[in-house]
Number of protein chains: 2
Amino acid sequence: MKISQRSQLLKGILEGCILSIIKMQPTYGYEVSMKLQEFGLSDVSEGSIYPILLRLQKEKLIIGEMKKSDTGPKRKYYQLTTEGEIQLTEFIHQWELLKQPVDKIIEKGVHYNKNK
Amino acid sequence: MKISQRSQLLKGILEGCILSIIKMQPTYGYEVSMKLQEFGLSDVSEGSIYPILLRLQKEKLIIGEMKKSDTGPKRKYYQLTTEGEIQLTEFIHQWELLKQPVDKIIEKGVHYNKNK
DNA sequence: ATAGCTACCTTGCGATGCAAAGTAGCTTAT
DNA sequence: ATAAGCTACTTTGCATCGCAAGGTAGCTAT
């Protein structure tokens, strides 16, 4: 998520959402998947999430730390780095830049329908 | 854009936008690229658009027809098929289903920032 | 005739989402 | 104790997508 900006955003929505979720509160992968469900992104599988977490970690946007759990196996808690915060801000900006045109385009298409 | 629903949507936003633009009015590829710019999707190249148009045509969501132009080479005007209308409606639905959670996730992340 | 615009098409790459399958710790029931 | 089921993390491999780059060709104006 460095060089190519918008184009990546088109497929990188999940990445930004995960950054935002981690920002709310340090979290581990399994909980991320449950939070995404709560928010309404119900069909995002762990096969998507964990690779993203690893990638984000490799890019130093988040850092992970293993912690014991009372109720199950150890968890890897992630939190944002400064660079991660910057990238999240950038993501939000790009998301707005994408959303507005798309909404406009859709609205105008639907509107045309009504005049028919 | 048949079997896999949401996952395709994540990368298929452009496809839906092009369907919507064609719905407004039968259009040819070059004009689609200019309309996308007008709407604010300024960095979408023809290298993205034409493959999509060909794909949509192959999937029978649009049909094309060559017409002479007064001001340049012939244009291939596309218009939606019935199936294309259905898919566009489906796209809009999926877009809403994507947008709302993402907005919520972003909002909550930003909100957390303020309480800091 | 040559430059520049209009208009279309193709190739090839990198990135992504995700199904699928695997590993392993912990808890509860049998 | 041992099987079942949940929690939690990881890897592999595939299909798809966006797009830069390059190519073709008609039309218009200089």
Side-chain angles (χ1 to χ4, degrees), chain A residues 1-19 26-37 41-59 62 64-78 91 94 98 102, chain B residues 1-19 26-37 41-59 62 64-78 91 94 98 102:
Chain A
M1 193 168 176
K2 224 136 208 192
I3 295 168
S4 42
Q5 335 66 356
R6 162 68 73 53
S7 68
Q8 289 323 307
L9 197 248
L10 291 174
K11 345 173 214 173
I13 290 173
L14 253 188
E15 202 172 295
C17 288
I18 290 177
L19 281 177
T27 324
Y28 52 100
Y30 191 74
E31 196 184 29
V32 167
S33 95
M34 289 187 294
K35 282 207 175 173
L36 285 173
Q37 278 193 34
L41 296 175
S42 49
D43 44 11
V44 178
S45 75
E46 298 180 17
S48 308
I49 293 168
Y50 285 106
I52 288 175
L53 288 173
L54 294 176
R55 195 170 67 237
L56 292 175
Q57 194 177 20
K58 201 180 294 174
E59 293 168 357
I62 59 178
E65 188 187 355
M66 296 303 285
K67 283 188 187 173
K68 265 185 278 184
S69 161
D70 295 344
T71 62
K74 285 200 283 185
R75 299 163 175 172
K76 196 165 186 181
Y77 280 85
Y78 290 100
F91 163 73
Q94 292 297 327
L98 171 68
V102 173
Chain B
M1 192 166 174
K2 239 158 195 173
I3 295 168
S4 42
Q5 336 65 358
R6 161 67 71 54
S7 68
Q8 287 323 308
L9 197 247
L10 291 173
K11 345 174 213 173
I13 290 172
L14 253 188
E15 202 172 296
C17 289
I18 290 178
L19 281 177
T27 323
Y28 51 100
Y30 191 75
E31 197 184 28
V32 167
S33 94
M34 290 186 295
K35 282 207 177 174
L36 285 173
Q37 278 192 33
L41 296 175
S42 49
D43 44 12
V44 178
S45 75
E46 298 181 17
S48 307
I49 292 168
Y50 285 107
I52 288 175
L53 287 172
L54 294 176
R55 195 169 69 237
L56 292 174
Q57 194 176 21
K58 201 180 293 173
E59 291 169 358
I62 59 178
E65 188 187 356
M66 296 302 286
K67 282 189 187 172
K68 265 185 279 183
S69 162
D70 297 344
T71 61
K74 286 200 283 187
R75 299 163 176 171
K76 196 165 185 183
Y77 280 85
Y78 290 100
F91 163 73
Q94 293 297 326
L98 172 68
V102 174

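So that the names make sense, note that chain A is the first sequence line, chain B the second, and so on, each numbered from 1.
- At the phosphate of C/dC8, neither OP1 nor OP2 sits under 4.0 Å from any side-chain N or O atom of B/Y30.
- In terms of heavy atoms, A/F91 sits closest to A/I13 at CZ-O, 3.7 Å.
- Between B/Y50 atom OH and D/dG18 atom P there is a gap of 16 Å when expressed in whole angstrom units.
- Put simply, CZ on B/R75 is 4 Å from P on C/dA7, counting in whole angstrom units.
- In this structure, B/R55 does not reach the D/dT16 phosphate: none of its side-chain N or O atoms is under 4.0 Å from OP1 or OP2.
- Atoms CG (B/L53) and P (D/dC17) sit 14 Å apart, rounded to a whole Å.
- Checking D/dT10, C/dC9, D/dC19 against the side-chain heavy atoms of B/P51 singles out D/dC19 as nearest.
- Side chain of A/Y50 to main chain of A/Y30: a donor-acceptor pair is present (N/O by atom type, distance under 3.5 Å, no hydrogens or angles).
- A/I49 has its CD1 atom 16 Å from the C1' atom of D/dT11, to the nearest Å.
- Rounded to a whole Å, the CD1 atom of A/I52 is 14 Å from the P atom of D/dT10.
- Note on the helix from C/dA1-D/dT30 to C/dT30-D/dA1: angle between the axes of the first and last five pairs equals 0°, rounded to 10 degrees.
- You'll find that the side chain of B/S48 is closest to D/dG18, out of C/dC9, D/dG18, D/dG26.
- For the atom pair CD (B/E46) and CD1 (B/I52), the distance works out to 12.5 Å, reported to the nearest 0.5 Å.
- Between A/K74 and C/dA24 there is no side-chain N or O to OP1 or OP2 distance below 4.0 Å.
- Between the NZ atom in A/K74 and the NZ atom in A/K68 there is a gap of 8.0 Å [rounded to 0.5 Å].
- Put simply, B/S45 has a side-chain N or O that comes within less than 4.0 Å of OP1 or OP2 on D/dA20.
- Put simply, B/K76 has a side-chain N or O that comes within less than 4.0 Å of OP1 or OP2 on C/dC9.
- A/E46 comes within contact range of at least one nucleobase, with a heavy-atom separation under 4.0 Å.
- Counting any heavy atom pair closer than 4.0 Å across all strands shown, B/G47 reaches a base atom.
- The distance from atom CG of A/L54 to atom CD1 of A/I49, rounded to the nearest 0.5 Å, is 12.0 Å.
- What separates CD1 of B/I13 from P of C/dG17 is a distance of 11 Å, to the nearest Å.
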- Working for side-chain contact (heavy atoms from CB on, under 4.5 Å), residues B/E31 and B/R75: CA-CA 10 Å; B/E31 197 184 28; B/R75 299 163 176 171; over 6 Å; no
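- In this structure, OH of A/Y28 is placed 7 Å from P of D/dC9, rounded to the nearest angstrom.
- We find that CD1 of A/I18 is positioned 12 Å from C1' of C/dT16, with the value rounded to whole Å.
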